[in-house]
2 protein chains.
Amino acid sequence: MTKIVIVEDDVFLQEELMDILNKAGFEVEAITDFHHIVKEVVTLAPDLVLLDINLPVQSGFEICKSLKLKGVGPILILTSRDKLQDELHGLELGADDFLTKPCHKDRLLARIHNLLRRYKGQPELIRSDNFSLDPNTFTLYKESQSIVLSTNEGKILLALLQNQPEIVSKSELNKLLWGTDEYIDENALQVNLTRLRKTLRQVGLENVVETVRGKGYRLRG
Amino acid sequence: MTKIVIVEDDVFLQEELMDILNKAGFEVEAITDFHHIVKEVVTLAPDLVLLDINLPVQSGFEICKSLKLKGVGPILILTSRDKLQDELHGLELGADDFLTKPCHKDRLLARIHNLLRRYKGQPELIRSDNFSLDPNTFTLYKESQSIVLSTNEGKILLALLQNQPEIVSKSELNKLLWGTDEYIDENALQVNLTRLRKTLRQVGLENVVETVRGKGYRLRG
DNA sequence: CTGTACCTTACATGATTTGTAAGGTTATTG
DNA sequence: CAATAACCTTACAAATCATGTAAGGTACAG
């Protein structure tokens with residue numbers, strides 16, 4: 001069943017939304033702990049996220065951006081503010097649609113169905129500024145080009161994407177590739193990084209993987 | 001450059017839109033012959049279509065539906081009517097977004113950029129009823145699953161998809177795989193078909209490649 | 001300049017893909 | 001129902017591709 005997660009601190013509205021969506025045949029979950037929204041939403045792996053902007057701990061805009069980086073699919077921002085600036089900002093940060101409260105039940109459902117229809121059959125993609133990665137097959141998309149990475153290349157790039165824009169240490173990458181950091185040949189990771197960069201260059205992605213001397217690697221952008 | 005096609009019969013508004021979009025750096029074309037809108041738009045192959053609902057010859061809704069069937073990418077409906085029913089109808093017929101006139105220039109541009117962003121970096125996918133195929137990397141998508149086919153498997157499936165629902169002869173497939181039909185071992189194609197079917201079964205696609213005895217193969221669906 | 005951290009290239013091993021061969025199954029026809 | 005042709009499956013070996021290792025090179029900090 002299609003699962004929708006609601007991020008809304010107004011309990012009354014939350015109940016109302018859950019009711020509407022339940023009646024429309026969706027499986028609905030609401031976030032309760034507003035300190036770990038991103039983590040919780042990612043764990044729930046919803047088909048769509050209904051996101052309020054006015055949230056107690058963190059702004060909905062920040063949440064939106066983080067969720068998009070984690071590859072969480074369609075986000076519909078729902079807010080009581082009726083400011084154009086908010087809408088522009090929201091769309092810029094990666095929201096897929098934007099509705100202002102109060103909003104007619106049918107309009108909400110139509111927009112939700114519209115987003116779901118467009119995402120269905122589409123690959124789950126983790127996006128960066130210039131490219132996207134299918135975390136399943138390690139297929140990389142850049143504009144109209146696409147290329148399949150090898151297992152190791154894909155694992156490294158995925159880790160960098162998921163931790164963007166943080167630095168990922170060599171130790172973490174070693175664990176990721178071979179299950180342990182106590183691997184003998186320290187050079188193996190280097191070689192795999194070289195290979196990844198070479199492959200990225202094939203689709204015109206130069207200087208994407210940045211070296212932070214003594215710390216590790218991170219994605220540039 | 002990104003090309004936007006405007007379908008709008010109000011000349012004044014048309015000019016205004018062209019001006020806004022040109023200044024925003026888009027290549028803009030406007031439809032002049034309202035009797036052959038669909039054909040003209042398909043020929044222009046735009047990156048986005050701006051579509052009015054109140055059109056002289058045919059309703060914008062019909063146009064929208066036809067364009068979507070032709071695979072024309074994102075359609076933004078722009079109309080002076082402010083009726084919820086119109087919006088619901090438009091979204092149902094496959095429109096990707098909906099705005100009511102009068103509309104602030106920045107909101108229009110934000111929505112356009114949003115649609116383009118979502119379509120960009122998305123793989124070019126050839127779709128069937130149950131699955132899609134990236135013709136470039138031979139990555140197959142079925143619901144939330146994805147799998148990379150081998151070169152030969154991919155070539156065969158792509159040919160079947162492109163000729164759907166026609167039959168593709170063995171001779172054509174031989175030419176596709178080895179450049180010539182006069183290949184000695186007639187069995188090689190068989191083996192590759194068996195492999196393709198086995199791979200398809202891995203993602204739950206049973207009986208997708210149908211054998212037409214004496215004629216060739218075709219996609220079922 | 002020196003040392004350390006990082007990068008690159010080449011090569012051998014192991015995994016995957018692919019053509020070939022051999023034999024089995026299914027459908028049509030007399 | 002038997003004979004035949006079209007099609008399917010499995011197993012194996014050669015070719016291709018991915019990956020760890022080794023050896024040597026480059027860049028940066030002190």
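Sequence lines set the chain letters: A, B, ... in the order given, protein chains first and strands last, and positions in each chain run from 1.
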Closest-nucleotide ordering on DNA chain C, the 5'-leading residue of A:Leu193 and B:Ser150: A:Leu193
Identify, residue by residue, the members of residues 197-218 of chain B with a heavy atom below 4.0 Å from DNA chain D, and return them in order of residue number, or none. B:Arg197, B:Thr211, B:Arg213, B:Gly214, B:Tyr217
Considering only distance and modelled atom types, tabulate donor-acceptor pairs under 3.5 Å from the side chains of residues 196-205 of chain B, sequence neighbours left out.
unit_1	atom_1	unit_2	atom_2	d
B:Arg197	NH1	B:Val209	O	2.6
B:Arg197	NH2	B:Thr211	OG1	3.4
B:Thr199	OG1	B:Glu153	OE1	3.4
B:Thr199	OG1	B:Glu153	OE2	2.8
B:Thr199	OG1	B:Arg195	O	2.9

Between the two end axes of the helix from C:dC1-D:dG30 to C:dG30-D:dC1, each built from 5 base pairs, what angle do you get to the nearest 10°? 30°
Within the 4.0 Å heavy-atom criterion, would you say A:Thr194 contacts the bases, only the backbone, or no part of the nucleic acid? base
For residues B:Phe98 and B:Leu51, determine if any side-chain heavy atom of one lies less than 4.5 Å from a side-chain heavy atom of the other. no
Set of residues satisfying side-chain hydrogen bond (donor to acceptor under 3.5 Å, both in side chains) with respect to [X], sequence neighbours excluded:
X        : value
A:Lys68  : A:Asp96, A:Tyr119
A:Glu92  : none
A:Asn152 : A:Asn192
B:Asn130 : none

Under 4.0 Å between a side-chain nitrogen and a carboxylate oxygen: does that hold for A:Arg111 and B:Asp97? yes
According to a strict under-4.0 Å criterion, is B:Asn192 in side-chain N/O contact with OP1 or OP2 of C:dG19? yes
OP1 or OP2 of D:dG20 under 4.0 Å from side-chain N/O of A:Trp178: yes
Separation of [N] [atom2] from [X] [atom1] (nearest whole Å):
X        : N      : atom1 : atom2 : answer
A:Phe138 : D:dA18 : CZ    : P     : 14 Å
B:Asn174 : D:dC7  : CG    : P     : 12 Å
B:Leu189 : D:dC7  : CG    : P     : 10 Å
B:Arg195 : C:dT16 : CZ    : C1'   : 11 Å
A:Gln190 : C:dA10 : CD    : P     : 18 Å
B:Leu173 : D:dC8  : CG    : P     : 12 Å
A:Leu196 : C:dC6  : CG    : P     : 16 Å
B:Asn152 : C:dT18 : CG    : P     : 5 Å

Considering only heavy side-chain atoms of B:Lys170, the closest of D:dC7, D:dT21, C:dT8 is D:dC7
Would you list the pairs meeting salt bridge (Lys or Arg N to Asp or Glu O under 4.0 Å) in which at least one residue belongs to residues 30-48 of chain A, sequence neighbours left out? none
Run the ring pair (Phe, Tyr, Trp, His ring centres under 6.0 Å) test against A:Phe138 and tell me which residues pass, sequence neighbours left out. none
Do A:Asn187 and C:dT8 share a donor-acceptor pair, side chain to base, under 3.5 Å? yes
Suppose the criterion is side-chain hydrogen bond (donor to acceptor under 3.5 Å, both in side chains): which pairs have a residue in residues 17-30 of chain B, not counting sequence neighbours? B:Asp19-B:Lys23
State yes or no: are the ring centers of A:His113 and A:Phe26 separated by less than 6.0 Å? yes
Within residues 157-166 of chain B, the residues having a heavy atom closer than 4.0 Å to DNA chain C are none
Please enumerate all residues that pass side chain to side chain contact (heavy atoms under 4.5 Å, CB included) together with B:Glu210, with sequence neighbours excluded. B:Arg218, B:Arg220
